[in-house]
Amino acid sequence: MKIWMQAIWSVMASFLGVQSNANRERDFEHGRFSVFVVAGLLMTFAFLISVFGLVQLVMMYVK
Amino acid sequence: MSKALTLALSLLSTPALADWQVNMNKGVTALSREIFDLHMLIFWICVVIGVAVFGVMFYSIFKHRKSKGAVAEHWHENTTVEVVWTVIPSIILIAMAVPATATLMDMYDTSEADVDIQITGYQWKWRYQYLDEDIDFFSNLSTPREEIVNESAKNPNYLLEVDNALVIPANKKVRFLITANDVIHSWWVPHFAVKKDAIPGFINEAWVKVEEPGVYRGQCTELCGKDHGFMPVVVEVKSEADYAQWVADQKAMKLAMAGEASKEFSMDELIAKGEGVYQAACAGCHQPNGQGIPGAFPAITGSAIATGAIDAHIDIIVNGKTGTAMQAFKEQLSAVDIAAVVTYQRNALGNTVGDMVQPSAIQK
Ligand SMILES: [Cu+2]
């Protein structure tokens, strides 16, 4: 579970474009590639859904 | 010294300032003012950010200069600072998106228009079709050639004047359906804050509701070939009553033209008329003297088609030649115009074929 939380947290950091060197070293030493792929896809999907939802919300509000 | 002062003051006086207007203009519609206000809001936000960022930067550079004994820090990262300077701009951007979205929604709201006009870009003219009125005409540059080639002084509307302006009613929502016939053009009237690409095979929409009658000018803003700078847009906004009168006049003119087409013309009449048509519709490519531009536009003088069988000559003008810049003129010119320009090309510009064609013989 912890490895998943760390991966998701690191993916969020990459979305923002800011990551600490300590976390980077931890990810490269203990992280698993497959976990990062899944976490990356999940977060991308979540991002798309939230943009879509936001636009829907705005459109509802304006109409 | 006093000379320099006078010069500085005269530069600041109003006429000089008017010449130096660099900002976009407010325009003449509620929407154009909304766009202007949005632009100014974003502009001032950028100014504040610029002043703050450069202020801090220049202050730091000055305050911690080497001559004061400042020593550079060596450190690798500061996650907190990096997050702060990433998140704050993101929040500012999202905040700016709020008014921008509201304005964009208004711009795209082409519903419930009172008048629908299709605008089609051609090389190098605009065609306006009133979808509910059966009015359809082309709008060509009307600046005299002498002004373009510097043989006479240029008038104030140089290259911003046309033979037939687009006419719309004031205080009515007018929807434009914008497309193109050959290459990509772009229909732009700064005072309406409307600038829309005209793309073959696509229809882009825009709308205006102008409060004050007047004449508004614009240009094609998508590089579209040799005469891109010679296809201006002129819009005449008329009061509702004047607009209704104009529509009635257009319809009467159409009837009169249908009558003309069955008339018999003399050769001299056709040649005289044809010269006007040629200079307005053909000379841009085939050149006023009929010599063409080698490699691009063939000469009419001595042309095999213009001096050969008259049917083939009529056909290339009526139907154009697919895949070349020689477009079909059947929509643009009346039967009278086509008969006139054919007769003109055969008996002028150095050609002496000696035959002619009547408008009634033109099959469109
Ligand atoms: Cu154009």
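Per chain, numbering begins at 1; letters A, B, ... match sequence-line order. Values below: all heavy atoms of this structure, side chains included; hydrogens, waters and symmetry mates excluded.
- Atom CD of B:Glu211 has more than 12 heavy atoms from other residues, nucleotides or ligands within 6.0 Å.
- No more than 12 heavy atoms of other residues, nucleotides or ligands sit less than 6.0 Å from atom CZ of A:Arg32.
- Only the side chain of B:Val87 comes within contact range of chain A, judged by heavy atoms closer than 4.5 Å.
- The environment of B:Asp134 atom CG is sparse: at most 12 non-hydrogen atoms of other residues, nucleotides or ligands sit within 6.0 angstrom.
- Residue B:Met57 qualifies as enclosed at atom CE: its count of foreign heavy atoms under 6.0 Å is above 12.
- Remark: A:Gln19 CD to B:Glu82 CD distance equals 10.0 Å, nearest 0.5 Å.
- For B:Lys26, the NZ atom counts as loosely surrounded, since its 6.0 Å shell holds 12 or fewer non-hydrogen atoms of other residues, nucleotides or ligands.
- Proximity to chain A involves both the backbone and the side chain of B:Thr79, based on heavy atoms less than 4.5 angstrom apart.
- The heavy-atom pair separating B:Glu77 from A:Asn21 by the smallest distance is OE1-N, 2.8 Å.
- Residue B:Ser90: no heavy atom, backbone or side chain, is found under 4.5 Å from chain A.
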